[in-house]
Novice: 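One structure, as structure tokens, below. Some questions next.
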Amino acid sequence: MDWTTLKGFRDPERARAVVRGVRQELERVDRRLGRKLRLMEVCGTHTVSFSRSGVRSLLGDLVELVSGPGCPVCVTDQADIDAMIETARLPGVIVTTFGDMMRVPGSRTTLQQERTRGADVRVVYSPLDALKVAEERPEATVVFLGVGFETTAPAVAHALLEAEARRLRNFAVLSAHKYTPPAVRALLAAGGAQLDGFVLPGHVSVVTGTDGWRFLAREFGLPGVVTGFEPLDLLAGVGELASLVAEGRAEVRNAYPRTVQEHGNPHAQELIRRVFRPAEAVWRGLGPIPESGMAIAGAFAAYDARKRLELELPPSRVPPGCRCGDVLQGKILPTGCRLFAVACRPERPIGPCMVSSEGACAAYYQYEPEAVEAALAAVRRGPGGAGTRPTGARAAAPVGGSGEGA
């Protein structure tokens, strides 16, 4: 079946036919492996789409879908979040940010809490909005919090180039931008993940192209499929991966050709190259990864908030019991965290995975009612019952075990 020519992405009849085809492929994998297929959805938007569309529960008896390091807010290290909050506390500084950072808990407080205490923290919808604030408030230093992957970095790079062109000296960026492929490589190189393949991110791949993921097959003998976000996109991605695993083929394919090209977006790549340079970055759950971060290049040092602001930060600490780091490595499902749905809920989040609109815990809480009920039932059963909570831990092939080389 050609999974790349699907049309009518929400057509029920087409969906039913596709589901039958995908299930046949998954059953073929089950016979070959003797267990369910285990795939990682790298992208946080995929995580949400799998749950919201019902595809996760529809195929749950044949495939286990675990989250990866693809939610930008979630993977931002606690020390970086603390630095952003501390920036907001500085006199004469206006912090501008996307809305999903407001409630992310730092070690001691949040941006939202600091705003209630008088800090000037403003939610913007684009980096250019932050630039406008800088023009309107020349007496203040306006700092934009740069959080995101290859998808958002080009817009931030464009804003910095605009700031330079307009000679705006009161604008700066606190960059926590990251490259996604190095994190996936580091996760696999660590050897702890047990996966059969990857549902690769559609958004990031628009910039990187499918080329950016070839290392999966070449270095680790694993297949990957770039796909979109509609229900039939998701099914197409899982179906393509099931076919590859069933046939023992490690390849990287594109099931999202209407948006993603092999070599990506050269203009966006050039913007990133002009303004940022690869640098070590610390990822929540994964630790420091060489050349996975986007530091502001020397030519734009005047706009680098890390260099302009002298921040003094006490040691950071992760909230006790929070297992966001394990969720982001696919070690557990959100239901494997004892805080999920009990102490950690959307209205009172403890970890970033429950805050972000792309967070796995938030997606499960909102769209997987059975998971929430299971977590609450475990608490009702008492200490002995808590150990029966679903953890998502399953026997799966070690890295590269399902492929036969590129």
Side-chain angles (χ1 to χ4, degrees), residues 42-44 68-81 83-84 98 127 143-164 172-190 198 200-201 203-220 224 226 252 260-309 311 325 328-329:
V42 176
C43 176
C71 162
V73 172
C74 305
V75 299
T76 301
D77 185 57
Q78 196 77 356
D80 285 333
I81 292 172
M84 295 171 186
F98 295 139
V143 177
F144 178 74
L145 305 183
V147 174
F149 301 129
E150 293 89 339
T151 46
T152 53
V156 176
H158 175 67
L160 280 175
L161 291 168
E162 277 294 305
E164 184 182 48
V173 172
L174 200 164
S175 177
H177 287 296
K178 295 176 174 63
Y179 295 99
T180 313
V184 175
R185 178 184 274 111
L187 186 150
L188 291 173
F198 287 86
L200 295 171
H203 293 151
V204 165
S205 301
V206 169
V207 177
T208 64
T210 49
D211 278 351
W213 303 106
R214 300 289 180 204
F215 72 90
L216 290 175
R218 188 173 58 246
E219 299 177 23
F220 299 99
V226 175
V252 173
V260 174
Q261 306 300 315
E262 182 178 3
H263 303 301
N265 184 325
H267 178 63
Q269 294 169 10
E270 176 60 21
L271 281 173
I272 292 174
R273 275 195 295 268
R274 285 183 65 185
V275 171
F276 298 104
R277 61 175 175 81
E280 180 178 279
V282 180
W283 295 61
R284 186 182 298 268
L286 294 172
I289 301 175
E291 300 197 337
S292 67
M294 299 185 200
I296 295 176
F300 297 89
Y303 300 99
D304 188 343
R306 292 184 189 275
K307 293 182 177 177
R308 286 178 56 169
L309 306 174
L311 299 175
L328 294 166
Q329 298 176 76

Novice: Can you tell me how far apart NE2 (H158) and CD1 (I272) are? Round to the nearest 0.5 Å.
Specialist: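 The CD1 atom of I272 is 14.0 Å from NE2 of H158, to the nearest 0.5 Å.
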Novice: Report the distance from atom CE of M294 to atom CD of E150, rounding to the nearest 0.5 Å.
Specialist: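 Those atoms lie 4.5 Å apart.
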Novice: Once rounded to the nearest 0.5 Å, what's the spacing between atom CG of D211 and atom OG of S205?
Specialist: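 D211 atom CG to S205 atom OG measures 10.5 Å (nearest 0.5 Å).
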Novice: Mind listing the closest non-hydrogen atom pair of P201 and V226 along with its distance?
Specialist: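 The pair with the smallest heavy-atom distance is O-CG1, 4.0 Å.
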Novice: Kindly indicate whether the side chain of I81, heavy atoms from C-beta on, has any atom under 4.5 Å from the side chain of R284.
Specialist: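 The answer is yes, as the side chains (C-beta and beyond) meet within the 4.5 Å cut-off.
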Novice: Is there a side-chain contact between F149 and V75 in this structure, where contact means two heavy atoms from C-beta onward sitting under 4.5 Å apart?
Specialist: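 When only atoms from C-beta onward are counted, V75 and F149 do touch, with a gap below 4.5 Å.
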Novice: In terms of the angle between their ring planes, are F144 and F98 parallel, tilted or perpendicular, with boundaries placed at 30° and 60°?
Specialist: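 Perpendicular, since the angle between the ring planes exceeds 60°.
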Novice: Per the side-chain contact (heavy atoms from CB on, under 4.5 Å) rule, which among V147, L145, V282 passes with T76?
Specialist: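 Single side-chain contact (heavy atoms from CB on, under 4.5 Å) partner of T76 among V147, L145, V282: V147.
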Novice: What are the two closest heavy atoms between P154 and A268, and how far apart are they?
Specialist: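 Minimum heavy-atom separation between P154 and A268: CG-CB, 3.8 Å.
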Novice: Ignoring hydrogens and angles, tell me if any N or O in the side chain of E280 forms a donor-acceptor pair with the backbone of G293 under 3.5 Å.
Specialist: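 Between the backbone of G293 and the side chain of E280 there is no qualifying donor-acceptor contact (under 3.5 Å).
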Novice: Take atom CZ in R274; do more than 12 heavy atoms of anything else shown fall under 6.0 Å from it?
Specialist: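 No - once you tally the heavy atoms of other residues, nucleotides and ligands closer than 6.0 Å, there are 12 at most.
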Novice: Return yes if some donor-acceptor pair links the side-chain N/O of R306 with the main-chain N/O of L174 below 3.5 Å, else return no.
Specialist: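 Between the backbone of L174 and the side chain of R306 there is no qualifying donor-acceptor contact (under 3.5 Å).
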Novice: If you apply the rule side chain to side chain contact (heavy atoms under 4.5 Å, CB included), what do you find for V275 with V156, and how did you get there?
Specialist: CA-CA 9 Å; V275 171; V156 176; over 6 Å; no
Novice: Hey, is the main chain of I296 close enough, under 3.5 Å, to the side chain of S175 for a donor-acceptor pair?
Specialist: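 Not a single qualifying donor-acceptor pair exists.
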Novice: Would a distance-only check, ignoring hydrogens and angles, find a side-chain to backbone donor-acceptor pair under 3.5 Å from R277 to A297?
Specialist: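 No, because the side chain of R277 does not come within donor-acceptor range (under 3.5 Å) of the backbone of A297.
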Novice: State, yes or no, whether a side-chain contact exists between T152 and P72 at a heavy-atom distance under 4.5 Å.
Specialist: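 No, every pair of side-chain atoms sits at 4.5 Å or beyond.
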Novice: If I take atom OG1 from residue T180 and atom CH2 from residue W213, how far apart are they, to the nearest 0.5 angstrom?
Specialist: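 Between atom OG1 of T180 and atom CH2 of W213 there are 5.5 Å.
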Novice: Could you state the interatomic distance from CG (L328) to CG (L187), rounded to the nearest 0.5 Å?
Specialist: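 Here the interatomic distance stands at 9.5 Å.
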Novice: Nearest 0.5 angstrom please: E291 CD to R185 CZ, how far?
Specialist: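 The distance works out to 10.5 Å.
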Novice: What are the two closest non-hydrogen atoms of P182 and Y179, and how far apart are they?
Specialist: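 So the minimum-distance heavy-atom pair works out to CD-O, 3.4 Å.
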Novice: Search all heavy atoms of P266 against all heavy atoms of G264 and return the closest pair with its distance.
Specialist: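 Closest heavy-atom pair between P266 and G264: CD-O, 3.3 Å.
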Novice: Of all heavy-atom pairs between A172 and R308, which one has the smallest distance, and what is that distance?
Specialist: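 It is CB-NH1, 4.1 Å.
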Novice: Is the side chain of E164 donor-acceptor paired with the backbone N or O of L160 at a distance under 3.5 Å, no angle test?
Specialist: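 No; zero donor-acceptor contacts below 3.5 Å.
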Novice: I'd like to check L200 versus T210 (side-chain heavy atoms, cut-off strictly below 4.5 Å). Are they in contact?
Specialist: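 The answer is no, as the side chains (C-beta and beyond) never meet within the 4.5 Å cut-off.
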Novice: Would a 4.5 Å heavy-atom cut-off, applied to side chains only, mark V184 and F215 as touching?
Specialist: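 A side-chain contact under 4.5 Å exists here.
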Novice: For the residue pair A157 and F276, what are the closest heavy atoms and their distance?
Specialist: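 The pair with the smallest heavy-atom distance is CB-CE1, 4.0 Å.
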